[in-house]
Structure formats: structure tokens, C-alpha cells
Amino acid sequence: MNILAELQNRFRTALQGLVDDPTELLAMVRPSQDPKFGDYQANFAMSLGKRLGRPPRDVATEVAARLAIDDLCDPPEVAGPGFINLRLKTGWLAGAVSTALASERVGVATADPPRTYVVDYSSPNVAKPMHVGHIRSTVIGDVLKHTLRFLGHTVISDNHIGDWGTQFGMIIYGYKHFLDRPAYESRSVEELGRLYRVVNRLVGYYAAKESLPKLREQIEKQRAAVAAQAQVVPSGDKAADKNAAKALRRGESNLQELEASRAALAASIAEIDHDPHLSKLAQAHPDIGRDVLAETAKLHQGDAENLKLWSEFLPACLADIERIYQRLGVTFDVTLGESFYHDRLAGVVDDLLKRKIATISDGAVCVFNEGQAAPLIIRKQDGAFLYGTTDLATIQYRVETWSPDAVLYVVDHRQGLHFEQLFAAAKRWKPEYARLELQHISFGTVLGDDGRPFKTRSGDTVGLWGLLDEAVRRAHEVVSTGDDAKPGGPEISAERRQQIAEVVGIGALKYADLANNRTSDYTFSYDRMLAMNGNTATYMQYAYARVLSIFARGGVEIGALREQAAAIELGHPAERGLALSLLQFSEALEQTMAEYRPNFLTAYLFEVANRYSTFFEQCPVLKAPSEASRTSRLLLCDLTARTLKQGLALLRIDVVDKM
RNA sequence: GCGCCUGUAGCUCAGGGGAUAGAGCAACGGUUUCCUAAACCGUAGGUCGCAGGUUCGAAUCCUGCCAGGCGUACCA
């Protein structure tokens, strides 16, 4: 049941004859912000009155009179300049609660028509351990997948892993030169990770050394420019002087940035120079940058040795990321990485050239799209393919294989331009791609307390496994402290505490990410995410556990009670408020998927949990004033628990029966 | 330079044409003979970056400016 959609239908009928297309007006029917204006309100009479040249209140009164709605609502009220306020009949709400209780899907309608979605998310480079930067894509993508599926759509989740890039060239180079054989045989993943880090640092060392003089030159130039700008004598022309001052400020801040990157480069060079072991390795491998690229190229050209090494490394790398996914409860329908598309790349480039969509510019094959400053490059001067090539081949494969209506790419906002170019190129490529909904589901960066991208104190990226451990460790502390403080003494075994901590810790981490508007950056904080009240997973899980506690305490067989289909009573405002919220689940999910924004769902669940807490305080359940009231309240508890559990399940967060 | 994003309470963030701008944290004050006080109820706290404009109505849309982040032809 979607109440809002039903009300909009009624208004659509009522508006017939008054306007040709009421769609725009119906978007102005919405839940009321303040209960004193009813449960829902229609705000279109003001603009409609204007359009018809009639007083808005007259229009509102006329529409309200035409509205056939007395099965659902009390008589509509026209208020203020022409708001139409609607209050649902409490008896109708009670009936709707009964219907939702009897439904497996807690009253959520399925989408009509269902569509087919490919959701592309997580997509780490498998040659290195997953880090904090992968969390948002993985968590958000997984929610979109499960929510779309719950709404009745067909969804294919695809982990488009990086399994074919320079990182593997690095590991291959490391394997050939720096391998610790015993370590590789006992703990291959760790050893491959070490090889990657060593080679990466050495490559970075030489790259830094090479770019340092250029950077110094740039700094000198910038310094001179700033000095010149500072010499400019005020002309007396206000606008010109303001611009000059602005240019000076900008120049100075550019200079500062350049200085900072120079310092960072110098520091990373010094680090290796001062490390006897690494500096020796660096001296022994002066051409490591070029050689790594050569190993990568050999792999791509089908070199037998490198291909063999690659296929030996890959399972270990996959097992490593799989460990994380298992802990997070994330699964993919397919995992088709870059290597999977390797054979198609040349064909893609040829086809685009043949169709004259791609052209050769400076020796590179490019797709120039109208209105875009830079082209999508699909083959480099040296003949190598790029990720744009792979992305086009991937679209081709997905259309051939699943004929989706939409493909969602859950990727951070810095790749916005790439997707703009990619989508434009794809839509020009073949007519059937023009009809495809291609969406970049963009999200912001995870920041630390300092407002900079989240790093460890020493400046390294934060590994995802350690991040999960820390969240769980802190959750364990909270769970233990809480249980120890229970009036009757601790109730939960050590083993069970650990299980609860895992659920609470991981849930907190996921929820904190999802509750933020995905388009903005978000500031990471263990303390905030694990807070027991406020908009956190823990608060939701707690509300759920309290429901189950009532059932346990009262020896209630809730399944049997549900079968009886007893009447629902909503006499108390807290009962009515809770019931209304519970019935808005469908609306919340629809709103969430309309913009692919999980924070609408978290906001909804927070409201349900809040209203449940109020209900819990004000309406005794086991000691309700009458048997009928007790039954009705138990059923409200039941629907609350099931709605919270279902909503959290869509967010990929578990619940526990005791905490 | 150009493009995209952001600027809302002390802090972290919702809301993105509709009535008096919300929540949590932090602060202050209340509530436990009662189903989990990991809770609830209340008080205080705001030129919605600034200036114009559009509109019956602007935090929300448009223009300009200020501040920050990110991106910007052969990495992904």
C-alpha cells in the first residue's frame, strides 16, 4: 500500500476537467510537515488559481468538494492561502495496518512494470588490499541492489574488479626480483601485498626524482609571478585593483600548494634514501618504472610466463577481497573484471572508427563529444587501451547478455567527467544504447577528523579489514558495558557478546555511511557511528531488540497471534503516529530509489524507531488496559519489528534479539 | 582558465518552491515500585556564505560575488 500514490490518484480524478495534465500538480501532494495540518497536504491550489485566474482558496474548495476520498480521510480542510489538508481516518489506518500485518512484504507494493538493472559497484583493484576508499561504493551499491530487487526489479550485481592493470605488472616484477619464496608458500596473499608495496614505492621513488626538478622550476616561475604581481601599483580603478589583489592571493595559494607537493615528494625520496635496504634495492633497479610497464605490456600481449604468473596470483587476490565481502555480507551475481573484456577491446575501437564516431588525434583514437572539452580516449598513441575502452566493451557485453533497462555505476564523484564522456560516447555508438539509462551514482570522499581524506596518523590509507576490526572492538566495549550494567546482572555470554559486537559494529559502520547524503563528503568517526541514540544503526537495532524482549517477557507466540487477525486499535496518539509511519514504508522505498539515495531510507527507519520509542514509553503493552488493546499493541510491535528488520535488511544490516 | 560539487545551530548532518527551517551530539533541566534508562520528555541555541533577481510564497530556482573540495588529452 502506497498511501501517497493512492491520494494522488484521487486528486487526479478530482482535477479532471480543470487541467489537461495534472502530473505537475500531483507532485505537490505530500506528507504534512506539521501534524496540525493533517497527515497529508495538497499545495497546488495557489499556482493553479493563478493559472486559472481565480482565487486560490476557491480553487482549493472546489477541488476538495470534487475529491472522492471519504473512505480514506476525514473531510478535507482548506487552510491558509489554499492548502488542502487531509487527515486519514483512524479506522482506515487500523485496517491498513491489519493488511500490512498479513503481508509477507509488510505492505510494500511491487514496482510496475519491473525493470532490469545492472548495478556495478565495489570494483577494487584486487592486487592490493581493500581500503577505506572502497567502503562507500561497496555499501551503497549493495543497498541499491537489494532494494531494487525487493521492489520486484531484476537486478544483476557486477563487481568490475581491476585485475588486469599496472598493479599486476608490479607484482610480476616483484615476483621475478624480490620474492621471498617461503613466505609466498606459506602466506601468499601477504607476500604478494608486500611485493606490490615494495615495487610501488620504488617506482614512486624514481617518478618523484624525475618530477622534482620540473616542480622546482614551476615553483620558481610561480614565485616570480607572485613577486611581479605584488609589485603592481594600485591604479585607483576599484575593479581592476580588486582583480589584481585576487590574482595575487590565488598566485600565493598556488605557490603554497606547489611547495607542499615538493615537500611531500622530497620526503618520500628521503624515506627511501635513509632506508638502507630499500635504497640498495632502488640502486639495483634504476629502470623499474619502465620495466614494470614492460611486464604489464607483456601480460596483455599474451606472454606465456606472465600469463601463467597472473593466473597463479589472481585466485589469492580474489580470496583476499572475498574475506572482506563475507564479513560485510556482500555478494555479487557476477564478478567480471577488466581482464574479461580484454579480447573485445580491439573490436570496440575498430567499430567506433568504422562508424566514424572515433577519430585519430595526435596518434590516439578519440571520441570527441559535443560540449565536452576533452575527448574520451580509447587507444593511446602507443597502441594500449584505456579504461574508457574497457567501459565501452562492458556496456556492449551487458546489453548483449542481460538487455538491461538501466546500468548504475556506483563510483566516487571524481570520475564524473569520465562517465559523462563514456555515456555520451556509448549513446552515439548504437541506437539501442541511446535508450539505456546510464547513471553515475556518484558519492563523496570519506574524510578524517581533520577534514582531509581519511588516513592513518602516519599518512597511509586505512585498510578495510582493520577498520572493521576497530568498529567491532568498540562495539564490543559498548555491548559489554551495557550488559554489565543491567540491574539484574549480565545476561549475555562472552561468545554471544562477540557475535552481537560483530553485528553492531559492522552495522554502525555501514549505517553511518548510508545515512549521509551520498553526494557530499562524509566525516568518519567511530564515536558518532556507535552512539546508542540518534540516527544510528544501533538505535534501530535496540528498538528491534526491545520488541523481541516484550514478546519474550510476555511469553507471546507472535506468529499465532498474527493468524488471529485481531482488530487494531489506534486510540492513543502514539499508537496512531506509529501506525502511520509504518504504513509509509512503501513511500520511503520509492523515494529512496527515485534518486538512488539510501539516506531517505535511513531517515524513514529513524522515524519509525523514534515513534516506537515514544509508543514504548507511553503505551504499556503487556499491561495494556484491556485484552483487545494488549493484542492490538502486540501486533503494532510485530509490524514495527518486521518493518525495521526488513528496512535494515535492505541496508544490509543485521538485527539481534538481545543487546 | 573552464567544468562539477559543497557552504544550514558550537560540532556532525537532514531538508532542496509551501505554513513557525529539523535531527543527533555537546549544554541545561526533568522522568526508573512500570515490557531493555543503550530510552523518553523538555529548555536553550539559526542573517540557511554574501548581494541582487524570479514568484502569491525562496534555505530551495536564476545571476553575480566570496570561501572550500574535486576534475580538467593518452592512470584507473
Side-chain angles (χ1 to χ4, degrees), chain A residues 28 30 32-34 36-37 41 43-44 46-47 49-50 56 79-83 85 123 125 162 165-167 242 246 338 361-366 368 371-382 384-388 390-391 411-418 420 442 444-445 447 451-453 478-479 481-483 485-488 491 504 512 515-517 519-523 525 527-528 530-536 538-539 541-543 545-554 556 599-600 602-603 606-607 610 613-614 616-624 633 637 658-659:
Chain A
M28 293 162 84
R30 52 179 53 208
S32 301
Q33 277 191 0
D34 190 319
K36 80 176 178 222
F37 301 131
Q41 62 181 194
N43 301 333
F44 55 71
M46 285 75 85
S47 67
K50 185 96 180 167
F83 297 103
N85 293 335
S123 311
N125 270 312
T166 317
Q167 298 79 15
K242 205 174 123 197
K246 203 169 126 186
E338 291 172 331
S361 167
D362 283 347
V365 180
C366 301
F368 287 92
Q372 290 173 7
L376 180 75
I377 299 176
I378 55 176
R379 196 177 70 203
K380 300 202 288 183
Q381 276 178 335
D382 66 8
F385 302 113
L386 292 137
Y387 79 136
T390 312
D391 283 347
V411 179
D412 79 86
H413 72 285
R414 288 172 303 193
Q415 295 198 38
L417 178 59
H418 169 70
E420 230 177 87
S442 153
T445 312
L447 306 176
R452 308 291 313 165
V478 174
V479 169
T481 317
D483 193 42
K486 278 181 184 156
E491 300 173 3
V504 170
N516 268 271
N517 185 338
T519 58
S520 36
D521 292 347
Y522 116 83
T523 310
S525 157
D527 289 338
R528 263 200 306 278
L530 283 162
M532 294 305 147
N533 45 16
N535 191 8
T536 63
T538 319
Y539 181 75
Q541 288 165 329
Y542 177 61
R546 291 217 284 187
V547 172
L548 291 213
S549 177
I550 289 178
F551 294 164
R553 186 70 52 126
V556 177
N599 71 302
F600 288 136
T602 61
F606 181 46
E607 187 188 272
N610 252 329
S613 290
T614 303
F616 182 90
E617 293 293 325
Q618 299 183 3
C619 304
V621 177
L622 296 175
K623 294 181 185 167
R633 286 177 179 176
C637 286
K658 195 178 264 191
M659 58 191 284

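When reading the values below, keep in mind they use all heavy atoms of this one structure, side chains included, and skip hydrogens, waters and symmetry mates. The structure presented is a predicted model; accordingly, all values stated were derived computationally and were not measured.
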Using a cut-off of less than 4.0 Å, is there contact between a side-chain N or O of A:Arg546 and OP1 or OP2 of B:A37? yes
Toward the 5' end of RNA chain B, which comes first, A:Thr445 or A:Asp34, by nearest nucleotide? A:Asp34
Considering only heavy side-chain atoms of A:Leu417, the closest of B:G18, B:C13, B:U72 is B:U72
Using a 4.0 Å heavy-atom cut-off, does A:Ala543 contact any base of the nucleic acid, only the sugar-phosphate backbone, or nothing at all? nothing
The side chain of A:Phe368 lies closest to which of these nucleotides: B:U36, B:A73, B:A39? B:A73
At less than 4.0 Å, is any side-chain N or O atom of A:Gln33 found next to OP1 or OP2 of B:A19? Yes or no. yes
Look at the side chain of A:Gln541 against the base of B:A38 and say whether a donor-acceptor pair falls under 3.5 Å; ignore hydrogens and angles. no
At 4.0 Å (heavy atoms only), tell me whether A:Ser361 reaches a base, stays on the sugar-phosphate, or touches nothing. base
Among B:A39, B:A14, B:U36, find the nucleotide with the atom closest to the side chain of A:Ser613. B:A39
Mind checking A:Ala603 for me? I need base, sugar-phosphate or nothing, with any heavy atom below 4.0 Å counting as a touch. nothing
How long is the line joining CZ of A:Arg30 and C1' of B:G17, in whole Å? 8 Å
Rounded to whole Å, the CZ-P distance (A:Phe385 to B:A76) equals 12 Å
Side chain of A:Tyr542, heavy atoms from C-beta onward: which of B:U12, B:C13, B:U36 has the nearest atom to it? B:U36
Just name whichever nucleotide pairs with B:G29, Watson-Crick or G-U, keeping both distances under 3.5 Å, else none. B:C41
Looking only at the side chain of A:Val621 (C-beta and beyond, no hydrogens), which of the listed nucleotides B:G71, B:G24, B:C35 gets closest? B:C35
Heavy-atom closest pair, residues A:Gly444 and A:Asp521: CA-OD1, 3.4 Å
Any base atoms under 4.0 Å from A:Leu386, or only sugar-phosphate, or nothing? Heavy atoms, all strands. sugar-phosphate
Check the phosphate of B:C5 against A:Tyr522, side-chain N and O only, distance under 4.0 Å to OP1 or OP2. Yes or no? no
Describe the nucleic acid contact of A:Cys366 in one word from base, sugar-phosphate, nothing, applying a heavy-atom distance below 4.0 Å. base
Parallel, tilted or perpendicular: which one describes the rings of A:Tyr387 and A:His418, with boundaries at 30° and 60°? parallel
Could you identify the nucleotide paired to B:C2, looking across every strand shown and requiring Watson-Crick or G-U wobble geometry with both distances under 3.5 Å? B:G71
Nearest whole angstrom, please: distance from the P of B:G24 to the OH of A:Tyr539. 9 Å
Any A:Ser520 side-chain N or O less than 4.0 Å from OP1/OP2 of B:G7: no
Mind checking the P distance from B:A19 to B:A59? Whole angstroms is fine. 10 Å
Quick one: A:Gln415 CD to B:G71 P, roughly how many Å, whole number? 10 Å
B:C48 and B:A21: how far apart are their P atoms, nearest whole angstrom? 10 Å
Under 4.0 Å, counting only non-hydrogen atoms across every strand here, what does A:Asn517 touch: a base, just sugar-phosphate, or nothing? sugar-phosphate
Could you tell me how far B:C40 sits from B:G24 if I compare only their P atoms? Round to whole Å. 8 Å
What is the distance from CG of A:Asp521 to P of B:C70, rounded to the nearest Å? 9 Å
Nearest-angstrom distance from the residue atom CG of A:Asn516 to P of B:G7: 12 Å
Would you say A:Asn610 places a side-chain N or O within less than 4.0 Å of OP1 or OP2 belonging to B:C40? yes
Applying the 3.5 Å cut-off to both distances, the Watson-Crick or G-U partner of B:G46 turns out to be none
Separation of the C1' atoms in B:U8 and B:U60, to the nearest angstrom: 11 Å
Write down the distance between CD (A:Gln372) and P (B:G71), rounded to a whole number of angstrom. 18 Å
What I want to check is whether the side chains of A:Asp527 and A:Ser525 have a donor and an acceptor closer together than 3.5 Å. no
Could you give the distance separating B:G42 and B:U36 at their P atoms, to the nearest angstrom? 24 Å
From A:Thr538 OG1 over to A:Met659 CE, what is the distance, rounded to the nearest 0.5 angstrom? 6.0 Å
Considering Watson-Crick and G-U wobble pairs with both distances under 3.5 Å, what does B:A14 pair with? none
Which part of the nucleic acid, if any, lies within reach of A:Glu338 when heavy atoms closer than 4.0 Å are counted: base, sugar-phosphate only, or nothing? sugar-phosphate
Spacing of A:His418 atom NE2 relative to B:A73 atom P, expressed in whole Å: 14 Å
Give A:Ala373 one of three labels, base, sugar-phosphate or nothing, depending on what nucleic acid heavy atoms sit under 4.0 Å from its own. nothing
Testing the basics here: between A:Ile378 and A:Gly388, what is the closest heavy-atom pair and its distance to 0.1 Å? CG2-C, 4.4 Å
Going by heavy atoms in the side chains, are A:Thr536 and A:Arg528 under 4.5 Å from each other? no
Answer with yes or no whether the side chains of A:Tyr539 and A:Ser613 bring together a donor and an acceptor at under 3.5 Å. yes
Pairwise C1' distance, B:A9 and B:G22 [rounded to whole Å]: 10 Å
Select one nucleotide: of B:A38, B:G15, B:C35, the one nearest the side-chain heavy atoms of A:Ser549. B:C35
State which of B:C35, B:A39, B:G18 makes the closest approach to the side chain of A:Phe83. B:G18
Identify the nucleotide, in any strand shown, that forms a Watson-Crick or G-U wobble pair with B:A51, with both distances under 3.5 Å; if there is none, say none. B:U63
RNA chain B: 5'-proximal contact among A:Ile377 and A:Asp483 (nearest heavy atom): A:Asp483
Tell me which nucleotide among B:A23, B:U36, B:C40 gets nearest to the side chain of A:Thr614. B:C40
If you count the non-hydrogen atoms of other residues, nucleotides and ligands that lie under 6.0 Å from CD in A:Gln33, is the total more than 12? no
Can you tell me if A:Ser442 touches the phosphate of B:C4, counting only side-chain N or O atoms and a distance under 4.0 Å to OP1 or OP2? no
Could you give the distance separating B:G57 and B:G18 at their C1' atoms, to the nearest angstrom? 7 Å
Pairwise P distance, B:C65 and B:G46 [rounded to whole Å]: 31 Å
Need one value for A:Asp391: base, sugar-phosphate or nothing, where a base atom within 4.0 Å counts as base even if backbone is also close, heavy atoms only. nothing
Side chains of A:Ser361 and A:Cys366 in contact at under 4.5 Å (non-hydrogen atoms): yes
Side chain of A:Arg452 - closest among B:G69, B:A19, B:A14: B:G69
Quick one: are A:Val621 and A:Phe616 in side-chain contact, heavy atoms under 4.5 Å? no
Between B:C70, B:G15, B:A23, which nucleotide gets closest to the side-chain atoms of A:Phe606? B:A23
